Amino acid sequence: MAWACNAARKYAECLLVSHESLLCFVPVGGCKANWRPNNSPKLIDLMDDTVPGIGTYEDFNTIDWVREKSKDRDRHREITNKSKHSTVALLFSISDAFSGWLLMLLIGLMSGALAGGIDIAAHWMTDLKEGVCLNGFWFNHEHCCWASNETTFQERDKCPQWKSWAELMDGVSEGRVNVLNHFMYVSWALLFAFLAVILVRAFAPYACGSGIPEIKTILSGFIIRGYLGKWTLIIKTITLVLAVSSGLSLGKEGPLVHVACCCANILCHFFTKYRRNEAKRREVLSAASAVGVSVAFGAPIGGVLFSLEEVSYYFPLKTLWRSFFAALVAAFTLRYINPFGNSRLVLFYVEFHTPWHLLELIPFVLLGIFGGLWGNTRLGHYPVIEVLVVTLLTALLAFPNEYTRMSSSELISELFNDCGLLDSSKLCDYTGNSGSTSGSVNATAANGLGARLAGPKLYTAMWQLALALAFKMFITVATFGMKVPSGLFIPSMAVGAIAGRLLGVGMEQLAVHNHERDIFRGWCSPGADCITPGLYAMVGAAACLGGVTRMTVSLVVIMFELTGGLEYIVPLMAAAMTSKWVADALSRESIYEAHIRLNGYPFLEAKEEFRHKTLATDVMRPRRSDPPLSVLTQSGMTVEEVERLISDTTYSGFPVVISQLSQRLVGFVLRRDLFISLENARRHQDGVVSVSAVLFTECESPASPGAPPAVKLRSILDLSPFTVTVHTSMEIVVDIFRKLGLRQCLVIQNGRLLGIITKKDILKHMAQMANRDPESILFN
């Protein structure tokens, strides 16, 4: 028997004993790693890829970011080394490098196609509640009337080919037409909502909600199996169309982020690099989040910034480039499908031509304050209201008012609209100085500023919008949190757009009636439109959305891409920052962070500051009243003892020490890896029984004659776990967990193991310091 221990192996056996010295243990009689008696069974390598399950994680657990990144570096290093010696390996290296871009291309194509289909289906089913097209039932109201030669600009939504449900039924008296149409509207809404909630509850419970809070949690490293699966994608796509078409106060833009992430997760399984590495997969999901916003708002740049600002936990520069490419592909795909028939990516694309004045910043800031207050409406604090009851209430109250009857996207488009010469909307009804009333702004163009007097239809529209504002604010609170796919982007934008349009018209009429005052004289020149009410609606929409989500930079860019006007960035910035300041002054949590906290997800928010002066010893377990810490020894334990420890505890991993007496730390082993390794050894290694020794060392003492073979688990041992001392400030510990994405950290003193701090321990401690229930930090 020869000495075979090299310097690296000796160094691996060296354990830190104190700050002053290193103690190296070299087994007496030599290293037995590569020596075995004749006819003894061969010890298997448990880090071999043929062992299924090693390096994977259980459901509702946090990934080890450091280990995953280390695995990816080792894989990349191995591919690079092999490529230098073989042409085939070189080609494989090139394909491996290109696979990320190919995956982004597929995600963009798939997400764009699904978003286009959702838009087309939702638009058609929304109009189906009011009537049907005689030329083809698959045409929505707008497409049906496009082909008609009898459609006029003043009544472009009326054509003989489109029939309401009452008109299709013979013998209905004129007085009962509205009643029958109302009944059919409510019936279709109830049917769509019923189908949506039944499909979600029966096939994919994870398909409810917007999905953004859960995606933020998943991107931070938490695992929720099935949340991004194929069934969730199928049911979410179908029920999203049904929920939006039912008329509930919800949007499809937030759930589109969930849909895009489902597409990315499914496509990742076709690429080994992303299938086997959870950290690499989360880089792809970050790019998919950008794709979701890109197809939701037609804003690829805003989508990338949204992913960076709002949802991503780890966002390297490479992910930024790939996110941009994927968002670009998705936008091109949606543009090719052209779901709205207007060559635009969204329904409410507008262009404003009137410049804004510096004094208008005052009402813009007021809209920001309103948005901040709206953002602190406690959505989600209310109990879940039954879907059918809310749908019935929504349909009954929404039908009489045309601004609540139309879909939220159509409402926003109507409110953003800048009145033109051919507009027949009641919002564009102005009266000239002569007292004549016109359904358009022709008199305005002839008479100038003084002709922008509100007509009777505009006053009626203002009352209807005021009622719609109150209705939307109430019904959105009741709708959010129901067990159907529901986004908060569009309802929040609708609330802000209504408030902004009301304020804009008010400012416009104030300027018209007081244009001789000094404040308006240099601002509003005769013959020109000095105030654009549609701009106020856009600023209000941005303010309310920013107050709810706390978005700033990405929000301004998204709204800029919607309007295509650089000159309106300053009003948007003023409103977005004001809404964030007001909302943060009342509560530091956005709606997504509040949702995460209410559901008990283990999410360590990077924006939340830790200002307390506690130490690691105050948080670590075990506490004084707790049983001793469950540990494994590097030698001296049997397979039966280790299996009993696994069955008697629920911990995610175990520290490995030299002995129970010394408690000198050797490393850390994950529970899942340990369980799979022992099960695999019993199945495939000859002679392993319950009394077989379990070793976490490379070297072993010669076994006694007749002893069963040992199970060597050195390969699954993390030899460099993160450690802190008992005197480390918790402020530093929290920063370490945030920046490295740790799942646990061991607490030592002079090399001796004293305790462990997990991510949930930190979250419970932070909740306790904030006077919240620490037991709420559990996945619900």
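Computed from a prediction, not measured in an experiment: that's the story for all the values here. All values below were derived from every heavy atom in this structure, side-chain atoms included, with hydrogens, water molecules and symmetry-related copies excluded.
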Nearest atoms (heavy-atom pairs only) where [X] meets [Y]:
| X | Y | answer |
| --- | --- | --- |
| Pro363 | Met507 | CG-CE, 4.1 Å |
| Asp59 | Arg225 | OD1-N, 2.8 Å |
| Ser210 | Lys236 | O-NZ, 3.7 Å |
| Thr391 | Ala189 | CG2-O, 3.4 Å |
| Pro255 | Pro485 | CG-C, 4.4 Å |
| Ile107 | Ala264 | CD1-CB, 3.5 Å |

Looking only at atom types and distance, does a side-chain atom of [X] sit under 3.5 Å from a main-chain N or O of [Y], one as donor and one as acceptor?
| X | Y | answer |
| --- | --- | --- |
| Asn265 | Leu228 | yes |
| Ser579 | Ala576 | yes |
| Asn140 | Glu142 | yes |
| Asp418 | Gly534 | no |
| Thr217 | Pro213 | yes |

Is it true that Arg550 and Glu589 have a side-chain N and a carboxylate O under 4.0 angstrom from each other?
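A salt bridge is absent here (no side-chain N lies under 4.0 Å from a carboxylate O).
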Does the pair Glu414 and Arg501 meet the rule for a salt bridge (charged side-chain N to carboxylate O under 4.0 Å, His left out), with working shown?
CA-CA 10 Å; Glu414 179 84 3; Arg501 188 78 186 203; over 6 Å; no
One pair to check against side-chain contact (heavy atoms from CB on, under 4.5 Å): Lys426 and Tyr403. What are the steps and the verdict?
CA-CA 11 Å; Lys426 290 194 294 186; Tyr403 295 111; 4.0 Å; yes
Set out, in order, the CA-CA distance, both residues' side-chain angles and the distance that settles side-chain contact (heavy atoms from CB on, under 4.5 Å) for Ile120 and Ile337, then state yes or no.
CA-CA 10 Å; Ile120 293 172; Ile337 295 174; 4.1 Å; yes
Side chain to side chain donor-acceptor pair (under 3.5 Å) against Glu310, all qualifying residues, sequence neighbours excluded:
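For Glu310 there are no side chain to side chain donor-acceptor pair (under 3.5 Å) partners, ignoring immediate neighbours.
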Can you give the donor-acceptor pairs under 3.5 Å from side chains of residues 467-474 to other protein atoms, not counting sequence neighbours?
from: Lys472; atom 1: NZ; to: Ser408; atom 2: OG; distance (Å): 3.2

If the condition is side chain to side chain contact (heavy atoms under 4.5 Å, CB included), which residues does [X] pass it with, not counting sequence neighbours?
| X | result |
| --- | --- |
| Glu561 | Ala299, Pro300, Ile301, Val557 |
| Leu199 | Phe203, Ile235, Ile238, Thr239, Leu242 |
| Ser164 | Ala166, Glu167, Asn181 |
| Val329 | Leu105, Leu109, Phe325, Thr333 |

Would you give the length of the straight line joining atom [atom1] of [X] to atom [atom2] of [Y], rounded to the nearest 0.5 angstrom?
| X | Y | atom1 | atom2 | result |
| --- | --- | --- | --- | --- |
| Leu134 | Leu168 | CG | CG | 6.5 Å |
| Ile596 | Glu593 | CD1 | CD | 6.0 Å |
| Leu572 | Ile558 | CG | CD1 | 11.5 Å |
| Leu427 | Gln464 | CG | CD | 9.0 Å |
| Thr404 | Ile475 | OG1 | CD1 | 10.5 Å |
| Glu402 | Thr460 | CD | OG1 | 9.5 Å |

Contacts of type ring-ring contact (aromatic ring centres under 6.0 Å, His included), residue Phe192, not counting sequence neighbours:
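Phe192 satisfies ring-ring contact (aromatic ring centres under 6.0 Å, His included) with Trp188 once adjacent residues are dropped.
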Trp124: which residues meet the ring-ring contact (aromatic ring centres under 6.0 Å, His included) condition with it, sequence neighbours left out?
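Applying ring-ring contact (aromatic ring centres under 6.0 Å, His included) to Trp124 gives none.
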Counting C-beta onward and ignoring hydrogens, is there a side-chain heavy-atom pair between [X] and [Y] closer than 4.5 Å?
| X | Y | answer |
| --- | --- | --- |
| Arg201 | Val197 | yes |
| Ser246 | Leu195 | no |
| Ser590 | Val548 | no |
| Ser289 | Ile215 | yes |
| Ile490 | Leu250 | no |
| Cys263 | Leu233 | yes |
| Met493 | Glu253 | no |
| Thr232 | Cys262 | yes |

Can you classify the ring geometry of Tyr592 versus Phe489 as parallel (below 30°), tilted (30 to 60°) or perpendicular (above 60°)?
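Ring orientation, 0 to 90° scale: tilted.
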In terms of relative ring orientation, are His258 and Tyr227 parallel, tilted or perpendicular, with 30° and 60° separating the classes?
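Correct class here is parallel.
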Test side-chain contact (heavy atoms from CB on, under 4.5 Å) applied to Phe194 and Leu388, step by step:
CA-CA 7 Å; Phe194 176 75; Leu388 295 181; 3.8 Å; yes
Can Tyr185 and Glu130 be counted as having a side-chain donor-acceptor contact under 3.5 angstrom?
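No donor-acceptor contact under 3.5 Å links the two side chains.
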Can you list the residues that meet the salt bridge (Lys or Arg N to Asp or Glu O under 4.0 Å) rule with Lys129, with sequence neighbours excluded?
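Not a single residue meets the salt bridge (Lys or Arg N to Asp or Glu O under 4.0 Å) criterion with Lys129.
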Residues which pass salt bridge (Lys or Arg N to Asp or Glu O under 4.0 Å) with Lys252, listed by chain and number, not counting sequence neighbours
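Testing Lys252 for salt bridge (Lys or Arg N to Asp or Glu O under 4.0 Å), a comparison that skips the adjacent residues, returns Asp119.
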Is there a side-chain contact (heavy atoms from CB on, under 4.5 Å) between Met110 and Leu106 once you walk through the steps?
CA-CA 6 Å; Met110 187 174 179; Leu106 296 176; over 6 Å; no
List the residues meeting disulfide (SG to SG under 2.5 Å) with Cys133, not counting sequence neighbours, and say none if there are none.
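Cys133 satisfies disulfide (SG to SG under 2.5 Å) with Cys144 once adjacent residues are dropped.
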Scan for salt bridge (Lys or Arg N to Asp or Glu O under 4.0 Å) pairs involving residues 179-192, sequence neighbours excluded, and state none if there are none.
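Residue pairs passing salt bridge (Lys or Arg N to Asp or Glu O under 4.0 Å), neighbours aside: none found.
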The test is side chain to side chain donor-acceptor pair (under 3.5 Å); show your working for Ser249 and Thr479 and say whether it passes.
CA-CA 6 Å; Ser249 184; Thr479 304; 5.2 Å; no
